[in-house]
Amino acid sequence: MKIATYNVNGVNGRLPVLLRWLEETQPDVVCLQELKAPQEKFPEQAIIDAGYNAIWHGQKSWNGVAVLAKGEIKELKRGLPGDPEDLHSRYIEALVNDIVIGCLYLPNGNPAPGPKFDYKLQWFERFISHAEGLLARGIPVVLTGDYNVMPTELDVYKPERWLDDALFRPETREAFHRLVAQGWTDALRKLYPNEIIYTFFDYFRNAYGRNAGLRIDHFLLSPEVDKRLLAAGVDKHVRGWEKTSDHAPVWVELADV
């Protein structure tokens, strides 16, 4: 079973890229972030024609998350619990093939410090709390998406330039490490503990060509999924396609039960 995550940076504007990648790699499940489309403008028919069912949580101009699957999807949750006044479309949770899949788009938080950074940390605390509840149930869970966090210096090109950025500030990294310490496995780092792996490359300064990137798209696996982990990787070449997202797709492959 292959599960992928992809911040598409606009699902309609990048639809040809998304469809090309789906056709090329054929993942069983895909989590998408940054749809940048209201609920009614999600390209459902194109996704169906590509062989996928879909659930999505859209928002005009910003945010938006979706889960695609070749098989049946049961929606479990829409929106992150803990703040009924938070209307951002940043979390959707589904049951696919007996695995709970949480698809998230964690706030960027810049400029930091400031209200946006405060919101990022508050969202992170809610997510940590929700993740703890999922883990306590002892069921297979995958939490994946754009975390907007570089956990260590290995995860960022020239870390000294990012010290004051919301994605790399100590508070952000500390929150991520507390989350993982609950008992989650960072899939890419389990398989490649010391390798330079990036999932995001800015559009400016030839970042992709220079491999000047960030690792901010992550797969966290519960123990029940971790023991099934066979492979993980980044489809980095997709970032080099024309009119592509600034993120590259990330994936894990799991053994069947």
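If you're wondering where the values come from, they're calculated on a predicted model, not measured in any experiment.
In D98, the CG atom is not crowded: 12 or fewer heavy atoms of neighbouring residues, nucleotides or ligands sit closer than 6.0 Å. Summarising the local packing, CD of E72 is surrounded by 12 or fewer heavy atoms from other residues, nucleotides or ligands at distances under 6.0 Å. Around CD of E23, the count of heavy atoms belonging to other residues, nucleotides or ligands within 6.0 Å does not exceed 12.
For the pair P193 and L154, the tightest heavy-atom approach, listed with the atom from each and the gap, is O-CD2, 3.7 Å. For F117 against A166, the heavy-atom pair with the smallest separation is CD1-CB, 3.6 Å. Between V252 and A187, the shortest heavy-atom distance links the atoms CG1-CB, 3.8 Å. Taking all atoms of both residues into account, the shortest heavy-atom contact from R205 to R210 is O-NE, 2.9 Å. When all heavy atoms of I128 and A175 are compared, the pair lying nearest together is CD1-O, 3.5 Å. Between W21 and P27, the closest heavy-atom pair is CH2-CG, 4.1 Å.
Atoms CG and CG, from N148 and L167 in turn, are 4.5 Å apart once rounded to the nearest 0.5 Å. Remark: L179 CG to E174 CD distance equals 11.0 Å, nearest 0.5 Å. Distance check, rounded to the nearest 0.5 Å: CG of D155 to CZ of F176 gives 8.0 Å. The CG atom of N63 sits 9.0 Å away from the NE2 atom of H57 when rounded to the nearest 0.5 Å. The distance from atom OH of Y52 to atom CD of E44, rounded to the nearest 0.5 Å, is 15.5 Å. Distance OG/S129 to CG/L134: 10.0 Å, rounded to 0.5 Å.
Aromatic ring centres of Y105 and H88 lie farther apart than the 6.0 Å criterion allows.
Taking the side chain as every heavy atom from C-beta outward, V30 and L22 approach each other to under 4.5 Å. Two residues are said to be in side-chain contact when any heavy atoms from C-beta on lie closer than 4.5 Å; F168 and V156 meet this criterion. In this structure, F127 and L104 have side chains that are in contact, with non-hydrogen atoms separated by less than 4.5 Å. Considering only heavy atoms from C-beta on, I139 stays 4.5 Å or farther from I99 through its side chain. Within the 4.5 Å cutoff, no side-chain heavy atoms of K77 are placed close to those of E75. F219 has its side chain within reach of V142: a pair of non-hydrogen atoms, C-beta onward, lies under 4.5 Å apart. A heavy-atom distance below 4.5 Å is found between the side chains of P107 and R90. Between R215 and L188 there is a side-chain heavy-atom pair separated by less than 4.5 Å.
Listed by chain and number, the hydrophobic cluster partners of V257 come to none, as no ILVMFWY side chain reaches under 4.5 Å of it. Chaining together hydrophobic side chains whose heavy atoms lie under 4.5 Å apart leaves L87 on its own.
In this structure, the side chain of H177 engages the main chain of P151 through a donor-acceptor pair within 3.5 Å. Side-chain N or O atoms of R178 include none that pairs as donor or acceptor with a backbone N or O of A181 at under 3.5 Å. Side chain of E224 to main chain of V141: no donor-acceptor pair is present (N/O by atom type, distance under 3.5 Å, no hydrogens or angles). At distances below 3.5 Å, not a single donor-acceptor pair connects side-chain atoms of T172 with backbone N or O atoms of V149. Formation of a donor-acceptor pair under 3.5 Å by the D246 side chain with backbone atoms of F200 is not found in this model. Checking side-chain atoms of Q39 against main-chain N and O of W56 turns up a donor-acceptor pair under 3.5 Å. R126 places a side-chain N or O within 3.5 Å of a backbone atom of P81 that can act as its donor or acceptor partner. No donor-acceptor distance shorter than 3.5 angstrom exists from the side chain of T199 to the backbone of V250, with no hydrogens or angles considered.
Hydrophobic clustering (ILVMFWY, side-chain heavy atoms < 4.5 Å, transitive): I216 and L106 are in distinct clusters. V225 and V100 sit in two unconnected hydrophobic clusters of ILVMFWY residues. Membership requires side-chain heavy atoms under 4.5 Å apart, directly or through other members. Linking Ile, Leu, Val, Met, Phe, Trp and Tyr residues whenever their side-chain heavy atoms come within less than 4.5 Å places L143 and L95 in a single cluster. With hydrophobic clusters built from ILVMFWY side chains whose heavy atoms lie under 4.5 angstrom apart, M150 does not share a cluster with W184. Cluster membership for V29 and I92, using ILVMFWY side-chain heavy atoms within less than 4.5 angstrom, is shared.
Below 30°, between 30° and 60°, or above 60°: for H237 and W241 the angle between ring planes is above 60°, a perpendicular geometry.
Annotation: cation-pi geometry not satisfied between R78 and Y91 (NZ/CZ under 6.0 angstrom from ring centroid, within 45° of ring axis).
Applying the side chain to side chain contact (heavy atoms under 4.5 Å, CB included) rule to K60 yields the partners P38; only residues at least two apart in sequence or on another chain are considered. Every side chain to side chain contact (heavy atoms under 4.5 Å, CB included) that L191 has, sequence neighbours left out, goes to L229, A232. By the ring pair (Phe, Tyr, Trp, His ring centres under 6.0 Å) test, Y157 is found to be paired with no residue, residues two or more places apart in sequence or in another chain being considered.
Side-chain contact, Y208 with D202: no donor N or O sits under 3.5 Å from an acceptor N or O. Side chains of N110 and K120: no donor on one and acceptor on the other come within 3.5 Å. Defined by atom type and a distance below 3.5 Å, a donor-acceptor pair is missing between the side-chain atoms of D118 and Q122.
The pair K190-D226 counts as a salt bridge, with a side-chain nitrogen and a carboxylate oxygen less than 4.0 angstrom apart.
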What verdict does the side chain to side chain contact (heavy atoms under 4.5 Å, CB included) test give for L220 and D186, after you've listed the backbone C-alpha separation in whole Å, the side-chain angles of each residue and the deciding distance to 0.1 Å?
CA-CA 5 Å; L220 297 188; D186 180 341; 4.1 Å; yes
Could you go through the side chain to side chain contact (heavy atoms under 4.5 Å, CB included) check for D235 and T25 one step at a time?
CA-CA 9 Å; D235 290 338; T25 61; 3.6 Å; yes
In sequence, state the C-alpha distance, the side-chain angles, and the governing distance for D217 and Y147, and then conclude on side chain to side chain contact (heavy atoms under 4.5 Å, CB included).
CA-CA 6 Å; D217 305 89; Y147 281 74; over 6 Å; no
Decide yes or no on side chain to side chain contact (heavy atoms under 4.5 Å, CB included) for H218 and R189, but give the supporting numbers first.
CA-CA 10 Å; H218 307 296; R189 278 292 166 241; over 6 Å; no
How far apart are the C-alpha atoms of D256 and R228, what are their side-chain angles, what is the distance that settles it, and do they pass the salt bridge (Lys or Arg N to Asp or Glu O under 4.0 Å) test?
CA-CA 7 Å; D256 295 331; R228 295 169 56 184; 5.0 Å; no
Under 3.5 Å, sequence neighbours excluded: what are the donor-acceptor pairs made by side chains of residues 1-20?
unit_1 : atom_1 : unit_2 : atom_2 : d
T5     : OG1    : Q33    : OE1    : 3.4
T5     : OG1    : Q33    : NE2    : 2.9
N7     : OD1    : N9     : N      : 3.0
N7     : ND2    : E34    : OE1    : 3.0
N7     : ND2    : D146   : OD2    : 2.9
N7     : ND2    : H247   : NE2    : 3.3
N9     : OD1    : K36    : NZ     : 2.6
N9     : ND2    : Y203   : OH     : 3.2
N12    : ND2    : K41    : O      : 3.1
R14    : NE     : N9     : O      : 3.2
R14    : NH1    : K243   : O      : 3.4
R14    : NH1    : T244   : O      : 3.2
R14    : NH2    : Y203   : OH     : 3.1

